[in-house]
*Asks:* 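Questions regarding the structure given below will be posed in turn.
We number each residue from 1, following the sequence as shown.
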Amino acid sequence: MGSEIIGRIWQKLKVRYVQIEDSNLARMEALGVIPREDLGIYLTAKEGQSQCFISANHKLIKILAQQTGEFECLTPTAFVSKYLI
């Protein structure tokens, strides 16, 4: 089952390489909305124009969904249930 899920994800995966500017990181850190340790992850998703943010970090998902609303935020289980089953 696990390999089937991974295979389905890779079939439609669009890879985009992004560079995070130090000024963007500093600006977001100053806002204090997203925990410092998660800023790089958030900015990578944002700059990569992600449609869905998947994380087991429930606190981060809640912050992103409520504060930014930039993309759909799901736990891994919720993602599999919604898109792969």
*Asks:* Nearest 0.5 Å please: distance from the CG atom of Asn57 over to the SG atom of Cys73.
*Replies:*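 Going from CG on Asn57 over to SG on Cys73, the span is 11.0 Å.
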*Asks:* Return the minimal non-hydrogen interatomic distance between Thr68 and Leu64, and the atom names on each side.
*Replies:*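 Looking at all heavy atoms of both residues, the closest pair is OG1-O, 2.6 Å.
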*Asks:* For residues 21-77, pull every pair meeting ring pair (Phe, Tyr, Trp, His ring centres under 6.0 Å), keeping only residues two or more places apart or in separate chains.
*Replies:*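 Every ring pair (Phe, Tyr, Trp, His ring centres under 6.0 Å) pair that includes a residue of residues 21-77, provided the two are not neighbours, is Phe53-Phe71.
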*Asks:* Enter the distance from Lys82:NZ to Thr75:OG1 here, rounded to the nearest 0.5 Å.
*Replies:*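 If we round to the nearest 0.5 Å, Lys82:NZ and Thr75:OG1 are 11.5 Å apart.
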*Asks:* Got a sec, which residues hit side-chain contact (heavy atoms from CB on, under 4.5 Å) with Val33, two or more places apart in sequence or on another chain?
*Replies:*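 Result, side-chain contact (heavy atoms from CB on, under 4.5 Å) vs Val33: Leu31, Ile63, Gln67.
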*Asks:* What are the two closest non-hydrogen atoms of Ser55 and Ile61, and how far apart are they?
*Replies:*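 Looking at all heavy atoms of both residues, the closest pair is O-CD1, 2.7 Å.
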*Asks:* Show me the donor-acceptor pairs, under 3.5 Å and distance only, between side chains in residues 17-25 and residues at least two apart or in other chains.
*Replies:*
| from | atom 1 | to | atom 2 | distance (Å) |
| --- | --- | --- | --- | --- |
| Asn24 | OD1 | Arg27 | NH2 | 2.6 |

*Asks:* Kindly indicate whether the side chain of Leu74, heavy atoms from C-beta on, has any atom under 4.5 Å from the side chain of Cys52.
*Replies:*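 Leu74 vs Cys52: side chains touch.
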*Asks:* Within the 4.5 Å heavy-atom criterion, are Glu72 and Gln51 side-chain neighbours or not?
*Replies:*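 Result no, sub-4.5 Å side-chain heavy-atom pair not found.
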*Asks:* Tell me if a side-chain donor or acceptor on Thr44 pairs with a main-chain N or O of Gly40 at a distance below 3.5 Å.
*Replies:*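 Such a contact is found between Thr44 side chain and Gly40 backbone.
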*Asks:* Write down the atom of Glu47, the atom of Arg16, and the distance for their closest heavy-atom approach.
*Replies:*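 Taking Glu47 first and Arg16 second, the nearest heavy atoms are O-CD, 4.3 Å.
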